[in-house]
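What follows is one structure encoded as structure tokens, with my remarks underneath.
Side chains are part of it too, since the values below use all heavy atoms of this structure and drop only hydrogens, waters and symmetry mates.
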Amino acid sequence: SNTDTSTATIDKNITINTNGKTITKKTSTITVNSGKTLKITGSGKITTGASINTITNKGTLSVTSATIAHTLQTTSYRAIHNSGTVTINSGTITSKTYTIYNSGTLNIKGGTVKAISSYEGLVRTIGNGDGGKLNISGGTITGSNTSTANTTSCRTITGAGTIKIT
């Protein structure tokens with residue numbers, strides 16, 4: 001386990017292989033700049049319980065096998081805050097509030113997106129000019145009976161993944 005207090009701004013195309021390890025962000029989000037790509041792979045975890053987003057994506061983010069988590073119960077911060085393009089191939093994305101806040105393009109191809117409390121919704125896709133896009137072609141979105149996929153002014157929702165409300 002590694003506790004990271006440094007600023008992490010992605011300004012080139014990189015891959016982080018979590019390799020079974022945990023990175024805990026304490027004071028700053030991981031920010032992917034516009035036009036840049038971050039690929040997160042491996043069986044490890046990137047997490048925070050602080051008043052920050054775990055990852056703020058303005059570019060291109062893909063998650064394969066890894067876990068991205070936010071454990072603070074707040075309506076202001078998420079596991080992933082996206083205004084670019086996010087593709088979840090596999091892995092787990094968890095948060096106590098909106099797990100993913102999306103005003104860009106969100107592609108859920110596999111894995112699990114999960115709200116770990118009933119405090120807020122699971123995926124919030126909002127309009128941003130021409131509207132956010134949510135494409136579900138696999139995976140599972142799961143939460144309690146008060147957790148919903150909030151799609152305010154969402155332009156596109158497509159796909160056939162599984163949504164479980166317990």
Side-chain angles (χ1 to χ4, degrees), residues 4 6-18 23-25 27-42 44-48 50-72 74-115 120-141 148-161 163:
D4 183 9
S6 65
T7 299
T9 301
I10 308 303
D11 59 4
K12 61 182 181 177
N13 300 333
I14 68 167
T15 298
I16 297 174
N17 182 341
T18 58
I23 299 170
T24 303
K25 297 296 294 170
T27 59
S28 66
T29 186
I30 295 173
T31 301
V32 182
N33 284 339
S34 179
K36 304 306 175 191
T37 298
L38 172 61
K39 295 179 181 179
I40 301 173
T41 64
K45 179 189 286 190
I46 299 174
T47 186
T48 190
S51 295
I52 58 174
N53 295 311
T54 309
I55 298 174
T56 299
N57 180 57
K58 301 173 186 176
T60 301
L61 171 67
S62 72
V63 178
T64 304
S65 299
T67 296
I68 310 299
H70 195 286
T71 61
L72 182 67
T74 173
T75 58
S76 300
Y77 303 101
R78 291 90 173 100
I80 298 174
H81 189 119
N82 178 51
S83 60
T85 299
V86 170
T87 300
I88 300 167
N89 296 302
S90 60
T92 303
I93 315 299
T94 66
S95 183
K96 287 189 176 182
T97 61
Y98 287 116
T99 305
I100 301 171
Y101 192 90
N102 176 48
S103 61
T105 298
L106 174 58
N107 303 304
I108 301 174
K109 295 181 175 184
T112 300
V113 176
K114 182 177 181 181
E120 285 285 347
L122 292 159
V123 175
R124 184 168 190 194
T125 298
I126 61 168
N128 185 13
D130 62 354
K133 298 176 186 173
L134 173 59
N135 304 305
I136 304 169
S137 59
T140 301
I141 300 172
T148 60
N150 182 333
T151 55
T152 305
S153 302
C154 180
R155 187 176 75 172
T156 306
I157 301 176
T158 63
I163 298 176

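Remark: side-chain polar atoms of Asn33 are not paired, donor with acceptor, to backbone N or O of Gly59 under 3.5 angstrom. Asn53 places no side-chain N or O within 3.5 Å of a backbone atom of Ile55 that could act as its donor or acceptor partner. Asn57 contributes a side-chain N or O that, together with a main-chain N or O of Thr85, makes up a donor-acceptor pair within less than 3.5 Å. Within the 3.5 Å criterion, the main-chain N or O of Thr54 finds no donor-acceptor partner in the side chain of His81. Side-chain N or O atoms of Asn107 include none that pairs as donor or acceptor with a backbone N or O of Ile136 at under 3.5 Å. At least one donor-acceptor pair under 3.5 Å links the side chain of Thr48 to the backbone N or O of Ala50.
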Report task. Under the side chain to side chain contact (heavy atoms under 4.5 Å, CB included) rule, what do Thr99 and Ile141 come out as? Steps first, then yes or no, please. Result -> CA-CA 10 Å; Thr99 305; Ile141 300 172; over 6 Å; no
Query - side chain to side chain contact (heavy atoms under 4.5 Å, CB included) evaluation trace for Val113 with Ile108 - result: CA-CA 9 Å; Val113 176; Ile108 301 174; 4.0 Å; yes
Report task. Step by step, work out the side chain to side chain contact (heavy atoms under 4.5 Å, CB included) result for Ile46 and Thr67. Result -> CA-CA 6 Å; Ile46 299 174; Thr67 296; over 6 Å; no
Report task. Show your reasoning for whether side chain to side chain contact (heavy atoms under 4.5 Å, CB included) applies to Thr87 and Val63. Result -> CA-CA 6 Å; Thr87 300; Val63 178; over 6 Å; no
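With rounding to the nearest 0.5 Å, the separation of OG1 in Thr47 from NE2 in His70 is 8.0 Å. The CG atom of Asn17 lies 12.5 Å from the NZ atom of Lys39; values are rounded to the nearest 0.5 Å. Between atom OH of residue Tyr101 and atom OG of residue Ser95 there is a gap of 13.5 Å, rounded to the nearest 0.5 Å. Interatomic distance, Tyr77 OH to Thr56 OG1, rounded to the nearest 0.5 Å: 10.0 Å.
The two residues Ala79 and Ile93 come nearest to each other via the heavy atoms CB-CG2, 3.8 Å. Looking at every heavy atom in both residues, Ser65 comes nearest to Ser90 through N-OG, 2.8 Å. Closest non-hydrogen pair, Ala66 versus Thr18, comes out as CB-OG1, 4.2 Å.
With a 4.5 Å cut-off on side-chain heavy atoms, Ile88 and Ile100 count as touching. Side-chain contact between Val86 and Ile80 is present, with heavy atoms from C-beta onward closer than 4.5 Å. Looking at heavy atoms from C-beta onward, Ile52 lies in side-chain contact with Lys25 at the 4.5 angstrom threshold. Two residues are said to be in side-chain contact when any heavy atoms from C-beta on lie closer than 4.5 Å; Ile40 and Ser62 fail this criterion.
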Show the atom names and distances, to 0.1 Å, of all donor-acceptor pairs under 3.5 Å that link a side chain in residues 9-16 to residues at least two apart or in another chain.
unit_1, atom_1, unit_2, atom_2, d
Asn13, OD1, Thr37, N, 2.8

